[in-house]
Structures are given as C-alpha cells and as structure tokens.
Amino acid sequence: MPLNSPTIAGAEFLAKLRELYPPERVLTKRGQLAAYESDGLTVFQSRPMAVVVPNDIEEISATLKLCQTYGVPYVPRGSGTSLSGGCVPHAEGIVIALNRMNRILQVDPLQCTAVVEPGVINLEISKAASHYGLYYAPDPSSQIVCTIGGNLAFNAGGAHCLKYGMTSNHVLGAKVVLPDGEIVMLGDASLEHVGPDLMGMFVGSEGLFGIAVEITVRLLPKPAAFHTVLVGYAGMKAAGDAVAQIVASGLLPGALEIMDSLSMEAATRAVGVEYPVGAKAVLIVELDGTTETVEIEKLQLQRLLEASAATATLVAANAEQRAKIWKGRKSAFSAVGLISPDFLVQDCVVPRTKLGQVLEEIEQLSLESGLRVANVFHAGDGNLHPLILFDGREPGALERAEALSAKIIRLCIQHGGSITGEHGVGMEKREFMPDLFGNSDVEFMRQLRRALDPQEVSNRGKMFPDMEAPSLRLVGLHPLESQGIASRM
Amino acid sequence: MLHELESEKLGPHGPAVTQAISSCVHCGFCLPTCPTYQLLGEEENSPRGRIFLMKEVLEGELKPADIADSIDKCLGCAACMTACPSGVNYDQLLTGYRHLKHARTRTWLQRVRDFMVHSTLPYAERFRWAIRMGRLFKPFARLVPATIRPMLELLPDRLPAKAEWPSLTKVEGRRRGRVVLLTGCAQDVLAPRITKAAISVLVRNGVEVVIPPGQGCCGALSWHAGRASVAAKMASDLLQRIPQDVDAVLTTTAGCGSTLKEYSHVTTGTPAHQQGIWLEQHVKDVCEYLDELGLTQPAGLPRLMRVAYHDACHLLHAQKVGQAPRRLLGKIKNLQLVELPSAGSCCGSAGSYNIEQPGLAEVLGRDKSREILRTEVHAVATGNIGCMVQLQRHLRESSNNPPPVWHTIEVLERAYRPRSLTEMDSGAQMSPTVS
C-alpha cells in the first residue's frame, strides 16, 4: 500500500479526527506531514497519516480513544530531538504534536515544585523558577529545545546528572492519559508516596504507556557557587583514568565531562571556545554548591588534578567563561556537522573504571574501519557518546558507519555496560535489547505493555526487537543486518 | 543531513543550497528562536522543518506547491542562523530555493499585490506617487480586499519633503575617512532624516561623505523574493554610480546591508561581478563603521533618557552586527540602554512580510510593541526603516503616548545637538511615566 493513502477505516478515522479538531490543527497535506518524518536521527524516515495539534487534555484523551477504537497507532511528539528515533511516526498512524501544550501551570517556591504541560521546553522551567532562586536540574545538551514530555518518556540525563540524577529523580507525579484515553494521576507532589512506584514505571517508558499531560517536577535551589575547570590531557586514557580517580576519592562534582580533539575542533569552530594547546582530550570538571563547600572541594580537586597526568588546567574566572565552556560542550554534537558531512551519534554506558580501556578500544575500532570517531561524553557516569563521522555520498560509507556503531555497542555490553545511557532504545536499539536483558525479561516488559495497551497503538514499533517497524524509506534488511553485523540506525 | 542532490545541476545557487542542507544535522536547536514556530508550534513552520521540506522539493519528492505556505510564512529573519551550532546558511538556502522553485500558489489578488509592491517600493519616485495615491484610498481601507488592505494600513499619514543630497560633504579639520553613503530607496521617501543624521554624525567625527546622485534600489527586496535577474540589474545600475576611491560604502538600512554583503552572489554571471566583489568587501552598516573608527566627539543628553535597542534581524542575524550599535549608544552620556526581554526576535516587518502575511506580522508587531511599552522607555532605537515603520504603527495602536522610534544614528545625532531634551523632537512626544 502506498504511504499516506488511508484505507476506508483510515478515512473514517480521519473524518472523526476532523470532528474533534478545527481544520488548522489537523495536518494532512503532504508538505505538512513530510516535516514530521524524522526526529534528531534522520536515518529513519516515515510519513504519518496525519498530525494533530491538541490544545488540552480532553482533546488528547478523545484522540487516544479514537486511536484505540480504530486500532490506529500514534506517537506523541515534542521538539523532535530524539536521537534514537523515538518519535518517528508510524506510516499508518498519527503524530500528536504537543507543542501547543506548553504552559507552565504552577511554580510553588515553598514546596519547590512546578507543574508543567508536556510541551514546555526544559530550560523554560528553570527560567520560570529563576525568580525564586530555584531551577530544574536535569540538563540534557538539547535543553534549550527539548520538551519535558520527551525528557520524561526517555528519562533524559545531562551533564549534571552525575550528582543530581536523571529525569526520574526529579519527576514527582504526573497526570497521564493512558492508551485507552483514561485520565489517571500517577505519583503526587510529595517525595514519598504510598503504593507501587507507578511514576517510576512511567518515566523512561518511551511513550508506550500513554501521554503525560501535567507533570509535577522538583525544583532545587540554584547553587550559590560554581568552580569550573578545563583540564588538558595527552590522551583519552589519561583523561578517563583521571575521572575514575576523582570519583573514587569520594569527591562528587556536579559534572565530569570529556571531549576529544575532534569535538574540541568542532566546538572551537562553532562557538569559538579555546582549549589547552596540544591537548588530545579535555576534562571539564564542575563543582557546585554553597560557597563554603566549593571552597573546600576546590582544594581537594586541585590535589587530584595535580596527581593526574594533566598537561594544562584552566579555571573559569567568571560566569561568562563558565558559560563559554558549557556552550562548547553542549553544542558539540551539532557542531560536528561543521567537520563532517554526516555522522551517527551513539549512546552507551560502561563502568567508570573501564573508561580508559574502552576508549582505547574504540580508537582501535575506528582505525580498523577507517572512519573517524569523535568522543564527547558524560564521563562521570561512564556514559559514552561516540560520534561516528562519515560522508554519506561515498558508497557504502553509511553501512560501514552503522557496522562500527554496532561494534561499539557490543563492546560496551562486553565490558558490563548498557546499550543506552539517556537517548533510549527507540527504533535504533531494538535489536540489542535481548543482548542486554535476556528473552524472559523482554517478554515480561511486553506483557506489562500489553496490560495497558493490548492493541499496541502507543508508539508502535519501538523498543521491542521483533515488532513490526514503522515503514521505512530504506526497506528490507541490509546484507550486514541479516548477518547480524549491523542494526538499522 | 543525507541528501541526493547534485550541486552542479542546481546552477549558480547549487553549492550554497547543497552545503546548507548537508550541514543541517536536524538537531532542532533553531526551533525556539523561530518566530513562526513560536506562534504556530508546527514543524513545517520551523527552520528545521523548512530545510527538510526544501530538500524534499529539490529532490523531487514533493512539489513546490506542497510547501509554498511554509516557505511564504518564513520571515527570513535568520534568527535560526544565530542559533545554529552546525553553521547552516539558511539565508542562502532560502534565497537559492526561491530562485530555483519560485512556483507559488498565488491568487490573482496576491499577484496584483506582489506586483504593486515590487514595482513601486524599490523606485523612489513611483513609491512617493503610490503613497500619495494610496492615501486617497486609505479612508476606504475597509472596503478593500483583505489581501491589499495591509498595504493601505501601513501608509504614512504625512510624507516628508523630498530631500536633495550634497554629492560631497567635507570635514572641517583632520579627515579620518572618506565614505560613500547610500540613501536607500523606500527609506529616502519615508525618512530622509536618517540620511541627514548620518551625514551630520559622520562629518562631526571627521568622515567625508560622498553621496552619488541618482542612486536606485540595491535590489534587496527582489533578491530576497527570488527575483534574481531583477536584483542583478538593480545591483549593476547601483554599482555603476559608486566611486571606489573611498574607505567604505555605508548603508543605514539593515535589509539593504545584508544583500550588499552578498553582492558577489547577486552579481554572479554579470559584467558587474568584479565591482560586486569590491562592494561586498567595502560595505558596512553605518554603526559598524563608526564603532570601528571610534567617536572623537563626546555625545551627551541633557538629562537621563531610557532607550530600548531593538535588533533589526538583518543587522543582528544576517550581518552579525549586534554589539556595535549598543556600544555607540552606550557612549552617550545620560543615555540608559534598556535590553528587551525578546531581544533578537523579529518584530514582523521583515521586508514586505507585513504586507504578505499580515496576520502573523500583526501578532509579532503587537507583542513586540507591548513589550516595549512595559519597559517604559523614552525612545526606541533600531537600525532598519522597515522595523521603524512596523514598530511605530503598533506602538501607536497600543498606546496613546507611544515612545518615538529612531534610527540609532538619529539618537547619536540628537546627542550631538546643543539643545535641551524637550526641544529635541517636535514630532515625537516623550513618555511622561518615567523620570
């Protein structure tokens, strides 16, 4: 069946959707739908049957009921920044664009909480809370654009989750529209609640359990002081080892990040950050907290850095310099576009103590495949982000990049790591789920999913390995895929 | 982003277009800075969405008509370029796309309107005549079709007398520079006082000003609308009139400046190409030039005045000139520079956008002017005639006592006047709410 030509049931479904929404909020024109084909991972492309832009909870609930009645799959979408293909549409389904659900409903400076709609951009919460000296801690690199709904679905991390935890540690409760349209409240505004941790189950479920429509998040007092240091090293192993040493000493910095020379080059070109001359790797260490704590930890850090193989140490002298260091770090992913026409970004985790070793092995794999790999990652929690650079116009380059990417994931699993740190499974890593979890665990997850969504209309085709995938423009198995060498990403 | 485009097959715009599409990584960092995305929340009305859609049309996957609405809604404000970490040159992509696939789905009334805009605005005499004619119809604006109405609503009530410019204004004392000053086309009709202020400030700071007679439009409006050949013709005509024995060619209009800085592109394949390259290397915004040269004369106001600076998109985003005007204003004694919370975001003027997309332009203009009123400033400074007209109109609609909107160079000129503040501007009243 050609894409976007709805069946009779589909036509009836569309007619019902049009009864629900005014014409300007049901998008069905080719030019409108095409824009929703992919998210931050453009290798997956699939055009939905329609896109709806709801304004309120009732519209969402009614939409999900319709989807359930007609068995039409749906995917909720925020800013479309997923790096695992998490919000790639299903060709026979609809996209529920939550961008107009972007109201901050409440900021409670006494309880230190905020209640927000799913389309609110991560950084906007901190801006709204700033007036009270509070902020929202999880800070994914895309925080200027990614939405809280997507953060919740993928349990987003960020540079500072080493000390402060991931999204799951900061979401207290949520009003959720379940896949059958029922509206329920999970968790509540307190830190401890009675009964099973349903909120914990929901966070990171990648849109499989429904749509969070009102989210209660924790706010933290803004740290009074920061101490941000840029440390140069002669190689990635030395930088990785320094991270293990710092954490082993008991010091818990707000963030511990590593960038290699390629990412430094990209960040320098994009935002003009200057890194220590000749350094092959830099470590960004940030201490935060009360002024007194930071003063003491500063000395502790200094001793640790002196004992490491550091070649240069630059301390941010003011807020402006600190902002510059972070700007370089946070734009590195996009900035790689300046040094390579195409790239794949990987997201995997290894035990912190293995960092140095794994980085060396990745370098080896990179040499063997003849493709450059840039590394920029959350070193403190062992969350790697190898960026595999290639030129898509070269025949076979994409396939080689995919093969290398798969090798890196398997390497991480071998070292006792995980297939994803924060980008999620989405479309990209479905095939690796059994490698990590074993079949019985995966089966249990599926049972749980079917308990809530028997027809599997919620974000169909994601997370589970043998599920029917959304239609792809690149159809059929690639030879490398059938041999089990590569996965589709 | 992966694509299947072959640069060679796309003609002179090929390299710029394919380069822009290649370098987009679809990260979405541009979304929150895009005014139309902020208003509509739809991917097809975001820069990332539009880049993807343009790629699809150029690859033949979609028809130009499929995406015409998204492309027409784009302000061309280039705020996305400032936000982009991958260095996508969206401006060149959009211009290139419009040249390559200028198939628009237009009603006949829209076509009439576009014809009226493009055949009057860039030609000073015709524009002056058109305004006079239009004013006769203004009382009947409500009877005019909605497509045409915004043009009437934007017409000024009064038109300043036609200005005659000296071809050379020399300096007294040591000469620090010699420049060509472009007078612009529409600006010369609507607000010749800007050119007058620029001459005065430049001369006072030791810069000799050459104003070549008979200047026409630089071609910016046509260039941005995808009318490449018209733009090239206008560029060639203008280049013939500009002497090259100067240090710089200055413009007081951001929209013109950004196109003048692309003149090597505009004149590609014409006999004026070499001159186009020369101009591109020598053209500067008047504030950019003065900031680099440094003011020799201290400027000051007789008493405290709060001034909001509004970034013209084509100055900040397209030319990356944001600090120069602020530094110049900052040097004026008794002037308190006020930053707008939405600084860097478009006011909805955007060339002829407020005529073509009146609905969106209206919301942007209204929001911006209300924000300005909340800051309770005495005046607004900006660097583009289009923004000035748009802001003036919306400030007037939102307030009985709106602060005047001045070009940055006018503020400087006023700061050099030896008169008291109350005498400074007879036409513009001061906001009484702030001391």
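Proteins come first, then strands; the chains are lettered A, B, ... in the order of their sequence lines, and each starts at number 1. We use all heavy atoms of the structure for the numbers below, so side chains are in, but hydrogens, waters and symmetry mates are not.
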When the 4.5 angstrom heavy-atom criterion is applied to L53(B) and chain A, the contacting part is side chain
Original post:
Is there a donor-acceptor contact under 3.5 Å from the side chain of H26(B) to the main chain of D39(A)?
Top reply: yes
Among S38(A), G119(A), A97(A), the residue with the most heavy-atom pairs under 4.5 Å to chain B is S38(A)
One option among V57(B), L62(B), I67(B) has the most heavy-atom pairs under 4.5 Å with chain A, and it is L62(B)
Under 4.5 Å to a heavy atom of chain B? For T42(A) that would be side chain
For E274(A), I'd like to know if atom CD has over 12 heavy atoms of other residues, nucleotides or ligands within 6.0 Å.
no
Comparing S79(A), A332(A), S331(A) against chain B, the one with the most heavy-atom pairs below 4.5 Å turns out to be S79(A)
Do the side chains of R47(A) and E56(B) get close enough for a salt bridge, i.e. N-O under 4.0 angstrom?
yes
Margin query: Assess the residue pair N99(A) and Y37(B) against the criterion (side-chain contact (heavy atoms from CB on, under 4.5 Å)); give the C-alpha distance rounded to whole Å, side-chain angles, the decisive distance to 0.1 Å, and a yes or no.
Written below: CA-CA 9 Å; N99(A) 311 81; Y37(B) 181 78; 2.6 Å; yes
N-O pairing of E61(B) and R30(A) below 4.0 Å: no
Ranked by heavy-atom pairs below 4.5 Å to chain B, first place among A267(A), G392(A), S82(A), A34(A) goes to A34(A)
When the 4.5 angstrom heavy-atom criterion is applied to R48(B) and chain A, the contacting part is side chain
Check your understanding: Do other residues, nucleotides or ligands put more than 12 heavy atoms under 6.0 Å from R100(A) CZ?
Key -> yes
Notebook entry, point to check: Is K330(A) close to F29(B) at the side-chain level, that is, under 4.5 Å between some pair of heavy atoms?
Noted result: no
The interface call for I121(A) against chain B, heavy-atom contacts under 4.5 Å, is side chain
Count the heavy atoms belonging to other residues, nucleotides or ligands that lie under 6.0 Å from NZ of K29(A), then report whether that count exceeds 12. no
So, the part of E42(B) with a heavy atom under 4.5 Å from chain A: the answer is both
The interface call for E24(A) against chain B, heavy-atom contacts under 4.5 Å, is backbone
